[in-house]
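The structure under discussion appears below in the form of structure tokens.
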Number of protein chains: 2
Amino acid sequence: MTEKKHILSILVDNEPGVLSRIAGLFSGRGYNIESLCVAETMDSKISRITMVTQGDYLILEQIKKQLNKLINTIKVSDLTELEYVEREMALVKVNAKLEHRAEILRITDIFRGQVVDVGQDHFTIMATGGSEKMAAILNLLKPFGIREMARTGSIALCREPKRNPDK
Amino acid sequence: MTEKKHILSILVDNEPGVLSRIAGLFSGRGYNIESLCVAETMDSKISRITMVTQGDYLILEQIKKQLNKLINTIKVSDLTELEYVEREMALVKVNAKLEHRAEILRITDIFRGQVVDVGQDHFTIMATGGSEKMAAILNLLKPFGIREMARTGSIALCREPKRNPDK
């Protein structure tokens, strides 16, 4: 039983009920979804669900088969079988006393984050990156006191196959 | 019947089945979810769901009541009733022929985006912003040909109340 992280990218009809049915396929097998993003594609009738899961490989294969059978599923891709680019985003509201402000801004700069809201004793920082980079910046901000955080979970796109087979 | 955009931020137990039940509350009333993000908070036992919906106000009030009754719901906030900071993120794989590359990079720079993958005839661009900014950059990239796109949907945090009542 291999428990590897999987990123599934699922194109579905943008209709009520689809998400609940898909999430139900996972929970029905006690299979937890680590993170999930749903939003419209360029065609507003179609949504893309990007899902990060971790768990038993055989169960996931069963779930993938059932996903393909759902009438509102257009395409299921397991990006973990391909090369892909993965990013996530977080908004982090962190305590920022006067004596800590310079250091918090330095950390934000190093990670190419942005301060999107500022108050007398806090910053709200937008950070983007792969999951390791996100863990690193959260780890550095934690000692100042994180008041609240919202994160998107990962989204991903496959890399294009190389055109030149020599490379 | 007022149809206004609502951003709900829901703290829930990080357990299988919770998402399916919550999504079911919306679809059971034919209420579509425009976008949705779920990810862990700093406490891995708790997840935050950020949801953008649009539809009848009275139905949403009913759904919010039922959300509060779910055993795995910790807190439901309707951020649209408060001041908030909202951001989303997208990965956009766009055609990039030699003669268009400079212009695509200029657009990316203006929107503070980043090129996260590059091939012989495409760029994958990471863009962040509020929903209007996202619509604007997608609109500018569209003429080059968008091959694929994954977007997170919005996440949001409330702004802190002002400490100084004179301001």
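Hydrogens, waters and symmetry mates are skipped; everything else that's a heavy atom, side chains included, is used. Please read these numbers as outputs of a predicted model, since none were measured by experiment.
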Linking I/L/V/M/F/W/Y whenever any side-chain heavy atoms sit under 4.5 Å apart, do [X] and [Y] land together?
{"X": "I63(B)", "Y": "V76(B)", "result": "yes"}
{"X": "M51(B)", "Y": "L157(B)", "result": "no"}
{"X": "V94(A)", "Y": "M126(A)", "result": "no"}
{"X": "Y31(A)", "Y": "Y57(A)", "result": "no"}
{"X": "L60(A)", "Y": "L67(A)", "result": "yes"}

Problem set entry | Given Q120(A), K93(A), H122(A), the one that forms side-chain hydrogen bond (donor to acceptor under 3.5 Å, both in side chains) with E160(B) |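 That would be K93(A); it is the only one of Q120(A), K93(A), H122(A) passing the side-chain hydrogen bond (donor to acceptor under 3.5 Å, both in side chains) with E160(B).
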Problem set entry | Contact winner vs chain B - P16(A), S9(A), C158(A), heavy-atom pairs under 4.5 Å | P16(A)
For this session: Mark yes when over 12 heavy atoms from residues, nucleotides or ligands other than E99(A) sit less than 6.0 Å from its CD; otherwise mark no.
Result: yes
Problem set entry | Whether over 12 other heavy atoms sit under 6.0 Å from K75(A) NZ |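 It does not: K75(A) NZ has 12 such atoms or fewer within range.
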What part of [X] gets within 4.5 angstrom of chain B, counting heavy atoms only: side chain, backbone, both, or neither?
{"X": "R48(A)", "value": "side chain"}
{"X": "M42(A)", "value": "both"}
{"X": "E15(A)", "value": "backbone"}

Exercise. Under the side chain to side chain contact (heavy atoms under 4.5 Å, CB included) criterion, do L36(B) and L36(A) qualify, and how do the steps go?
Worked result: CA-CA 8 Å; L36(B) 183 141; L36(A) 183 142; 3.6 Å; yes
Exercise. Side chain, backbone, both or neither: which part of I146(B) has a heavy atom under 4.5 Å from chain A?
Worked result: side chain
Return the option, out of [options], with the maximum number of heavy-atom pairs under 4.5 Å with chain A.
{"options": "G153(B), A150(B), G119(B), A156(B)", "value": "A150(B)"}
{"options": "D117(B), T50(B), L138(B), L19(B)", "value": "D117(B)"}
{"options": "V85(B), L25(B), V52(B)", "value": "V85(B)"}

Problem set entry | Where at least one partner belongs to residues 18-46 of chain A, residue pairs that pass salt bridge (Lys or Arg N to Asp or Glu O under 4.0 Å), sequence neighbours excluded | none
Exercise. Closest approach of L91(B) and R87(A), non-hydrogen atoms and distance?
Worked result: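 Taking every non-hydrogen atom into account, CD2-CG, 4.1 Å.
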For this session: Return the minimal non-hydrogen interatomic distance between G17(A) and S27(B), and the atom names on each side.
Result: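 Smallest heavy-atom distance, with atoms named: N-CB, 3.0 Å.
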For this session: Applying side chain to side chain donor-acceptor pair (under 3.5 Å), name anything that partners T128(B), two or more places apart in sequence or on another chain.
Result: none
For this session: Using a 4.5 Å cut-off on heavy atoms from C-beta on, say whether the side chain of E88(A) contacts that of T152(B).
Result: no
Exercise. Given side chains that start at C-beta, do those of M89(A) and I155(B) come closer than 4.5 Å, heavy atoms only?
Worked result: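 With C-beta onward as the side chain, the pair touches.
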Seminar exercise, completed: CZ of R159(B) to OG1 of T124(A), rounded to nearest 0.5 Å, is 8.0 Å
Problem set entry | Main-chain N/O of S20(A) paired to S20(B) side chain as donor or acceptor, under 3.5 Å |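 Flag set: sc S20(B) to bb S20(A) pair under 3.5 Å.
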Problem set entry | Derivation of the side chain to side chain contact (heavy atoms under 4.5 Å, CB included) call for V38(B) and I33(A) | CA-CA 9 Å; V38(B) 199; I33(A) 296 168; over 6 Å; no
